[in-house]
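Working notes, structure below.
This structure is a prediction, so every number in the text was calculated from the model and none was measured.
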Amino acid sequence: MRSRLIGVALLAVMLLLTNPRPLQAADAETDGPQHIFKDPFIENLVGRWQITRAIRGTEAQNTLQAEWVLHHQFLELHMKDAAHPPAYEALVLIGYSYEEHRYVAHWCDTYGGKFSAVGHGTRSGDSIEFEFHYPDGPFYNTFTWNAATRGWVFRMENVDKDGHRVLFAIDTLRRR
């Protein structure tokens with residue numbers, strides 16, 4: 001029995017010496033620079049897109065360029081109004097927290113720092129619903145992938161004073 005305990009202790013010491021960081025149950029899915037964000041679903045966003053935006057009764061054309069950045073930890077979406085100069089532009093970084101089992105989106109746009117936000121979302125089927133918290137209430141942006149058309153729809157909703165979701169805009173993405 002004593003020799004068995006010594007063997008277990010030696011094995012534990014050897015493991016600590018060869019792997020100085022703490023062992024974790026799901027070591028293959030930990031956060032950090034050694035584990036890059038690979039997600040076949042989100043990978044469908046990579047590339048160049050034409051966006052048709054229906055927003056409050058008007059239609060606008062935008063472009064979107066999506067590429068992996070920061071050692072493949074985030075997918076950067078660079079949206080830009082087609083007008084010159086652009087009336088709207090946004091940089092969005094989409095990542096994933098393995099510890100929390102949810103996506104994260106850092107949204108920065110031409111409205112400035114006061115209106116930048118971090119949203120979190122979970123995937124359900126072919127959609128990820130991101131929830132952002134702004135001073136005037138929650139805002140939802142649901143990214144839905146359509147495998148048949150190989151396109152995306154982003155549905156944006158805010159919440160009215162009665163707590164009901166109200167459509168803000170719909171972006172339809174087609175490859176350029």
Side-chain angles (χ1 to χ4, degrees), residues 29 31-33 36-39 41-146 151-176:
E29 291 188 355
D31 295 304
I36 64 171
F37 176 36
K38 285 193 179 238
D39 184 329
F41 182 70
I42 286 293
E43 184 71 32
N44 289 309
L45 260 170
V46 173
R48 296 174 54 168
W49 299 87
Q50 180 67 39
I51 302 174
T52 301
R53 172 172 278 184
I55 179 168
R56 298 185 176 165
T58 64
E59 190 173 286
Q61 296 299 313
N62 288 240
T63 60
L64 183 144
Q65 173 72 36
E67 63 184 344
W68 291 105
V69 297
L70 301 174
H71 190 59
H72 216 285
Q73 293 292 344
F74 292 93
L75 183 65
E76 179 188 67
L77 310 181
H78 186 185
M79 289 181 244
K80 195 184 273 191
D81 184 10
H84 294 284
Y88 181 76
E89 188 171 2
L91 290 174
V92 182
L93 297 175
I94 298 174
Y96 192 80
S97 170
Y98 289 93
E99 181 180 328
E100 299 171 340
H101 303 287
R102 65 183 182 170
Y103 293 88
V104 60
H106 300 264
W107 201 286
C108 302
D109 61 20
T110 53
Y111 285 89
K114 179 180 178 181
F115 299 102
S116 65
V118 175
H120 293 96
T122 55
R123 181 175 170 195
S124 177
D126 287 336
S127 296
I128 302 171
E129 180 181 81
F130 290 98
E131 182 176 352
F132 296 87
H133 293 276
Y134 288 99
D136 60 347
F139 187 86
Y140 299 91
N141 194 336
T142 305
F143 290 25
T144 301
W145 169 245
N146 184 325
W152 288 89
V153 172
F154 298 170
R155 180 182 178 87
M156 291 156 269
E157 301 167 298
N158 53 358
V159 176
D160 67 14
K161 61 180 172 50
D162 297 321
H164 300 104
R165 288 191 186 190
V166 178
L167 182 64
F168 175 75
I170 294 180
D171 289 350
T172 304
L173 284 70
R174 289 182 302 281
R175 291 234 182 245
R176 291 197 289 162

Roughly how far apart are [X] [atom1] and [Y] [atom2], rounded to 0.5 Å?
{"X": "Phe130", "Y": "Trp107", "atom1": "CZ", "atom2": "CH2", "answer": "9.0 Å"}
{"X": "Leu45", "Y": "Trp145", "atom1": "CG", "atom2": "CH2", "answer": "8.0 Å"}
{"X": "Lys161", "Y": "Asp136", "atom1": "NZ", "atom2": "CG", "answer": "14.5 Å"}
{"X": "Ile128", "Y": "His120", "atom1": "CD1", "atom2": "NE2", "answer": "13.0 Å"}
{"X": "Thr52", "Y": "Leu173", "atom1": "OG1", "atom2": "CG", "answer": "8.5 Å"}

Check: With sequence neighbours excluded, what pairs up with Arg165 under the salt bridge (charged side-chain N to carboxylate O under 4.0 Å, His left out) test?
Finding: Glu129, Glu157
Hey, does [Y] have a side-chain heavy atom less than 4.5 Å from the side chain of [X]?
{"X": "Ile51", "Y": "Phe154", "answer": "no"}
{"X": "Thr144", "Y": "Arg155", "answer": "no"}
{"X": "Tyr96", "Y": "Asp31", "answer": "no"}
{"X": "Tyr98", "Y": "Phe37", "answer": "yes"}
{"X": "Asn146", "Y": "Val153", "answer": "no"}
{"X": "Met156", "Y": "Phe132", "answer": "no"}
{"X": "Phe143", "Y": "Leu77", "answer": "yes"}
{"X": "Glu76", "Y": "Gln65", "answer": "no"}

Next item on the list: Report the C-alpha distance between Asp126 and Arg123 in whole Å, list the side-chain angles of each, state the deciding distance to 0.1 Å, and finish with yes or no for side-chain contact (heavy atoms from CB on, under 4.5 Å).
Entry: CA-CA 7 Å; Asp126 287 336; Arg123 181 175 170 195; 3.9 Å; yes
Of all heavy-atom pairs between [X] and [Y], which one has the smallest distance, and what is that distance?
{"X": "Thr142", "Y": "Ser127", "value": "CG2-CB, 4.0 Å"}
{"X": "Gly47", "Y": "Arg175", "value": "CA-NH1, 3.8 Å"}
{"X": "Ala66", "Y": "Leu75", "value": "C-CD1, 4.2 Å"}
{"X": "Thr110", "Y": "Ala87", "value": "OG1-O, 4.0 Å"}
{"X": "Trp49", "Y": "Trp152", "value": "CH2-CD1, 3.6 Å"}

Check: Just by modelled atom types, is the His164 backbone N or O under 3.5 Å from a matching donor or acceptor in the Asp162 side chain?
Finding: no
Item checked: Short side-chain to backbone donor-acceptor contact, Gln73 and Gly32, under 3.5 Å -> yes
Notebook entry, point to check: Would you call the rings of Phe115 and Tyr111 parallel, tilted or perpendicular if under 30° counts as parallel and over 60° as perpendicular?
Noted result: perpendicular
Margin query: Give me each pair satisfying salt bridge (Lys or Arg N to Asp or Glu O under 4.0 Å) with a member in residues 43-70, each pair once, sequence neighbours excluded.
Written below: Arg53-Asp171
Item checked: Criterion side-chain hydrogen bond (donor to acceptor under 3.5 Å, both in side chains) against Gln50, the qualifying member of Arg176, Gln61, Arg174 -> Gln61
Next item on the list: Report yes or no: do Tyr134 and Asn158 form a side-chain donor-acceptor pair below 3.5 Å?
Entry: no
